[in-house]
Amino acid sequence: MQGKLFLYNSINRKKEEFIPINFPFVGMYVCGPTVYGDAHLGHARPAITFDLLFRYLRHLEYKVRYVRNITDVGHLENDADQGEDKIGKKARLEQLEPMEVVQYFADRYHREMDKLNVLKPSIEPRASGHIIEQIEMTKKILDSGFAYISNGSVYFDVEKYNEKYNYGKLSGRILEDLYSNTRELDGQSEKKNSFDFALWKQASPEHIMRWPSPWSDGFPGWHMECSAMGHKYLGEKFDIHGGGMDLLFPHHECEIAQNTVAVGENSINYWVHNNMITINGQKMGKSLGNFITLDDLFNGTNQVLEKAYSPMTIRFFILQAHYRSTLDFSNEALQAAEKGLARLMKGNETLNKIKASASGNYNVSELKKNCYDAMNDDLNSPIVIAHLFDALKTINSVEAGTETIDDANLEILKQVYHSFLFEILGLKNENEGSGSNEILKEVVDMVLNLRMQAKANKDYATSDLIRNELTKIGITVKDKKDGFEWEI
RNA sequence: GGUACCUUGGCCGAGUGGCUAGGCACCGGUCUGCAAAACCGGCUACGGCGGUUCGACUCCGCCAGGUACCUCCA
């Protein structure tokens with residue numbers, strides 16, 4: 001093994017050694033998107049964070065079952081338990097079937113994730129496909145006495161729960177504080193206390209997404225799906241539950257309460273939360289309206305964007321910050337990421353070209369250890385990247401002849417560089433295959449060969465004209481000692 | 001108002017009680033007809049005020065500023 005992996009566990013607020021329940025198997029559940037709009041930069045963060053964890057666990061040869069849900073029902077639009085279903089609302093506005101909306105945005109989400117090289121989860125369950133499981137779980141909670149029926153809806157009795165267990169153990173909240181701090185909302189009379197949350201909600205007549213249940217025609221409460229589906233696919237106890245920090249309270253706190261009653265105490269060992277992406281120091285979020293969709297980023301179609309940024313630039317940008325830190329969006333930062341990534345990718349090409357010497361003065365084992373140490377320390381991808389840049393310096397020095405490397409070390413270097421860059425960080429070389437159009441390639445080569453002739457004749461007016469015109473089209477010409485390179 | 005967290009060089013962003021983070025930008029150099037690219041080198045910061053300590057950016061206290069959660073949000 002490559003050392004011990006430590007993860008920051010939100011529930012204890014410290015880094016803990018990761019020990020799976022059933023070695024070598026690992027169960028991981030991550031809160032996925034609610035598909036009622038295009039994915040934005042904020043959605044990319046958990047997807048990439050847990051993709052990193054998924055990839056690293058697999059690299060460590062764990063057998064991982066990674067479940068990431070799609071929420072297609074149950075998230076309410078406005079005030080807690082009083083609003084309109086998000087999917088339903090969008091469907092009414094667009095005159096579409098709710099499932100049509102879900103299909104459309106789920107497809108788009110998948111497409112963006114593919115571009116970001118985010119591996120598909122093992123199972124991607126939908127809330128609407130697990131209504132029965134959610135009803136069964138609600139029944140269990142009712143039977144245990146920690147829930148009550150009110151006007152066709154079922155609510156979790158937080159106060160009663162807190163007498164026996166600890167409501168707030170994850171988010172560090174104290175129930176007494178919630179009495180005074182929870183907002184007074186209209187129509188809360190159905191609930192005993194404002195902080196009680198719905199397990200099942202009776203649907204109002206205009207509500208289109210509805211299912212029959214023992215209590216009413218309605219829909220499941222917004223915390224039920226993760227509890228029901230997580231335990232369905234990963235068992236009564238499983239290893240990791242992840243999601244954005246903004247889900248810590250109330251979503252995950254409520255999940256814990258539900259699980260405790262219906263499944264048992266401490267049914268999830270590690271709670272892992274990624275931080276937010278900020279823009280001008282403020283959280284990028286749907287409700288604030290300050291989000292940039294991934295589609296906009298990839299195409300440069302947003303006023304705040306100076307240019308388009310490729311999916312790998314976005315991925316690298318996110319990996320350059322630790323997942324538990326906020327990450328501030330800016331054009332400058334993205335452009336920095338773009339250039340840095342290009343250098344690392346170039347380094348891999350150079351690495352494949354350099355030759356080993358009989359003896360070398362570079363020992364790669366330290367690099368290898370440093371990279372694993374960084375990953376083991378709560379997935380410190382920025383440190384891994386820093387070490388890869390150090391390796392890059394060596395690679396370039398070997399190519400320049402100022403350093404040497406022996407055959408054995410070169411092989412290990414290739415293997416380490418490759419596995420961290422591509423396999424674990426999940427980056428890929430986007431330039432490969434671009435400009436794959438053979439005719440275009442030959443035409444540009446031909447033009448540049450003409451330019452070489454002009455240069456040989458010292459006809460710099462012509463050579464500069466050719467270069468300028470190509471630049472205008474978007475082709476960058478790079479002169480080399482004995483020829484040229486170009487890229488689009 | 002309650003709770004938690006943050007404040008690092010021009011920008012992004014790691015980390016540590018004493019030892020260079022890294023990237024980008026910038027500056028200098030190599031290369032080039034000139035550029036660009038690439039490469040090499042330089043650039044040494046930790047909000048303010050106190051305290052603990054042989055020594056603090058790192059620990060403690062206070063202050064200032066900011067953010068998150070408390071309502072759907074990744």
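Each chain gets a letter, A, B and so on, in the order the sequences are listed, and its residues count up from 1.
Remark: Ser325(A) is in phosphate contact with A14(B), judged by side-chain N or O atoms under 4.0 Å from OP1 or OP2. Residue Arg343(A) has a polar side-chain atom (N or O) positioned under 4.0 Å from OP1 or OP2 of C24(B). Distances shorter than 4.0 Å separate none of the side-chain N or O atoms of Lys283(A) from OP1 or OP2 on A74(B).
Applying the side-chain contact (heavy atoms from CB on, under 4.5 Å) rule to Ala308(A) yields no partners; only residues at least two apart in sequence or on another chain are considered.
Using Watson-Crick or G-U wobble geometry with both donor-acceptor distances under 3.5 Å, C69(B) finds its partner in G2(B).
A heavy-atom distance below 4.0 Å to RNA chain B is reached by none of the residues of residues 288-297 of chain A.
If you find the closest nucleotide of RNA chain B to Ile277(A) and to Lys393(A), the one lying nearer the 5' end belongs to Lys393(A). The residue among Asp377(A) and Asn396(A) whose nearest nucleotide of RNA chain B is located toward the 5' end is Asp377(A).
One C1' atom belongs to U44(B), the other to U16(B), and the distance between them is 15 Å to the nearest Å.
Of the listed nucleotides (G13(B), C34(B), A4(B)), C34(B) has the atom at the smallest distance from the side chain of Arg467(A).
Remark: the Asp459(A) side chain and the G33(B) base include no donor-acceptor N/O pair separated by less than 3.5 Å. In this model, no side-chain donor or acceptor of Asp479(A) finds a partner on the base of A36(B) within 3.5 Å.
Both geometric conditions, a ring-centre gap below 5.5 Å and a plane tilt below 30°, are not fulfilled together for Phe389(A) over the base of G23(B).
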### Query
Under the side chain to side chain donor-acceptor pair (under 3.5 Å) criterion, do Ser227(A) and Gln258(A) qualify, and how do the steps go?
CA-CA 7 Å; Ser227(A) 286; Gln258(A) 291 169 348; 2.9 Å; yes

Tyr372(A) vs Phe420(A), ring-ring contact (aromatic ring centres under 6.0 Å, His included): CA-CA, chis, key distance, verdict: CA-CA 9 Å; Tyr372(A) 279 111; Phe420(A) 276 91; 5.0 Å; yes

